[in-house]
Amino acid sequence: MRESDDRLNRRVGELAPLLVVVGPTAVGKSQAAVHLAKALGTEILTADSRQVYRGMDIGTEKPPLQERQGVPHRLIDLVEPDQAFNVGIYRQLALTEIDRVRRQGKIPLVVGGTGLYVRALVRGLWDGPPADWQFRARVTEEARRQGPHYLHLELMRVDPDLARRLHPHDEVKIIRGLEVYHLLGCSLSKLHHAHGFQDKLFSPLIIGLSRERAALYRRIEDRVELELAKGLVQETQTLLDKGHGRELASMKGLGYRQIAGFLAQEYSFEEAVRRLKRDTRHFAKRQLTWFRQ
RNA sequence: GCCGAGGUAGCUCAGUUGGCAGAGCACAGCCCUGAAAAGGCUGGUGUCGACAGUUCGAUUCUGUCCCUCGGCA
């Protein structure tokens, strides 16, 4: 019943509206989004792969309660830092939230800096398996033994199309390709192609925020200093004390990674701050290439 | 003032037995569908401190000067 409704809607071009605000870190998304949400009388659905972790507040720049001005923020604090999280889980939860907001007669407003999450909402996500960490550990170990280009050659055997698109050094993506073949017996490039990423559920209006580069970098530096003043070091220590090791994906996030290195006495505090600022600038640049298109 | 070391990319430095100057970082551009704040690719950049001399040719050798750092005064 709903299925056919959706199909009908698609045919007549009446896809559900979806408002999306994207932009690099520190550009001022959160503040702009609160204004927009208040003006529209709606809520904020965050698209941020780091704000989903509970207890990671300062380093992920979750807007403090007083800055939210009563606007509900959803899709944050979803899991513990040692729990697995990924685009698939995000998309599922986000679709539920979007549906709920729509039923209340409001325009869903998605705000975030994680390009992949936004794209998975707007273009769909192929129905694939999540990471198999045992497989990944095994394959990584094998690559150590067999030499650097071993995995790429393996992928060339099972998925030549993907192998040609990936640089031999891009181990993370190469392993994903091997993993999918291992789990499903079919090449990832075929599965991607079959899906096509034309899975349009919404008619999105995407608003990209930007700033002059020098100003953005200045804001990043100020923001890092502010995070430190708010107690980023203490927050990192607390997470480590809870047993959340540096190998966790969540602990590899900006801020935690650099501060954890300092706490492990690998380098000085000044060096940690320098790296954090630098890595955040690099990240903002990568975000810009997602959002430019 | 004297002695010593040095002045090469935005920064830290390597180098040229005299023949179009090169690394890391910074910076810029890009890729991406279950780790994505992850992971990966590509690319500029130069009065080689200044002036003169030797030389077919000087960033490289010689001289003078300027500047920086250390030591002695």
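Using a 4.0 Å heavy-atom criterion, one finds that A:Gly59 contacts the bases of the nucleic acid, with or without backbone contacts as well. Counting any heavy atom pair closer than 4.0 Å across all strands shown, A:Asp48 reaches a base atom. Within the 4.0 angstrom heavy-atom criterion, base atoms lie near A:Thr60. Across all strands, A:His282 comes closer than 4.0 Å only to sugar-phosphate atoms, never to a base (heavy-atom distances).
Ring geometry for A:Tyr117 versus A:Tyr90: interplanar angle under 30°, hence parallel rather than tilted (30 to 60°).
Between A:Glu247 and A:Lys252 there is no salt bridge, since none of the side-chain N atoms of the basic residue sits less than 4.0 Å from a carboxylate O of the acidic one. We find that A:Glu43 and A:Arg100 are joined by a salt bridge, their nearest charged nitrogen and carboxylate oxygen being less than 4.0 Å apart.
Here B:rA38 presents its C1' atom at 17 Å from OH of A:Tyr90, a figure rounded to the nearest Å. Computed from coordinates, the A:Lys285 NZ to B:rG39 P distance equals 17 Å when rounded to whole Å. Rounding to whole angstrom units, CZ of residue A:Phe291 and P of B:rG29 are separated by 15 Å. The interatomic distance linking A:Leu178 (CG) with B:rG39 (P) rounds to 18 Å, in whole Å. Here B:rA38 presents its P atom at 18 Å from CG of A:Leu166, a figure rounded to the nearest Å. Rounded to a whole Å, the CZ atom of A:Arg164 is 20 Å from the P atom of B:rC41. Distance, A:Glu271 CD to B:rC25 C1': 11 Å, rounded to whole Å.
At least one side-chain heavy atom of A:Leu45 sits less than 4.5 Å from a side-chain heavy atom of A:Ile98. Side-chain contact between A:Thr46 and A:Val111 is absent, with no heavy-atom pair separated by less than 4.5 Å. Side-chain contact check for A:Glu67 versus A:His73: every heavy-atom pair is 4.5 Å or farther apart.
Separating the P atom of B:rG44 from that of B:rA35 is a span of 34 Å, rounded to the nearest Å. The separation of B:rC11 from B:rA50, taken at their P atoms, amounts to 15 Å, rounded to a whole angstrom. Only the P atoms considered, B:rG7 is 12 Å distant from B:rU60, to the nearest whole Å. A distance of about 14 Å separates the C1' atoms of B:rG6 and B:rU12, rounded to the whole Å. Remark: the separation of the P atoms in B:rG70 and B:rC13 is 14 Å, to the nearest Å. Going from the P atom of B:rU8 to that of B:rC31 covers 37 Å, rounded to whole Å. The gap from the C1' atom of B:rG34 to that of B:rA28 amounts to 31 Å, rounded to the nearest Å. Nucleotides B:rC41 and B:rC32 place their C1' atoms 11 Å apart, quoted to the nearest Å.
Between A:Arg281 and B:rC27, a side-chain N or O to OP1/OP2 separation shorter than 4.0 Å is present. OP1 or OP2 of B:rA28 sits under 4.0 Å from a side-chain N or O of A:Tyr217. A close approach under 4.0 Å does occur between a side-chain nitrogen or oxygen of A:His169 and OP1 or OP2 of B:rC41. Side-chain N/O atoms of A:Arg213 include one lying less than 4.0 angstrom from OP1 or OP2 on B:rG29.
Taking the O4'-C1'-N9-C4 or O4'-C1'-N1-C2 dihedral as appropriate, B:rG6 has a value more than 90° from 0 and is therefore anti. Base orientation of B:rG4: anti (glycosidic angle beyond 90° from 0).
In this structure, A:His152 has its ring center at least 6.0 angstrom away from the ring center of A:Tyr150. Ring pair A:His244/A:Tyr256: centre-to-centre distance not below 6.0 Å.
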- Task: For RNA chain B, produce a single dot-bracket line, 5' to 3'. Pairs: Watson-Crick or G-U wobble, both distances under 3.5 Å. Symbols: ( ) within strand, [ ] crossing, | other strand, . unpaired.
- Result: (((((((..((((.....[..)))).(((((.......))))).....(((((..]....)))))))))))).
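A donor and an acceptor atom, one from each side chain of A:Ser189 and A:Asp159, are located under 3.5 Å apart.
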- Could you write nucleotides 31-36 of chain B as a row of B, S and -, 5' to 3', where a protein heavy atom under 4.0 Å of any base atom gives B, of only sugar-phosphate atoms gives S, and otherwise -? BBBBBB
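Test A:Glu171, A:Glu141, A:Glu179 against A:Arg136 for side chain to side chain donor-acceptor pair (under 3.5 Å) and you get one pass: A:Glu179.
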- Decide salt bridge (charged side-chain N to carboxylate O under 4.0 Å, His left out) for A:Arg246 and A:Glu266; before the verdict, give the C-alpha distance in whole Å, the side-chain angles of both, and the deciding distance to 0.1 Å. CA-CA 13 Å; A:Arg246 296 166 67 188; A:Glu266 284 169 15; 2.9 Å; yes
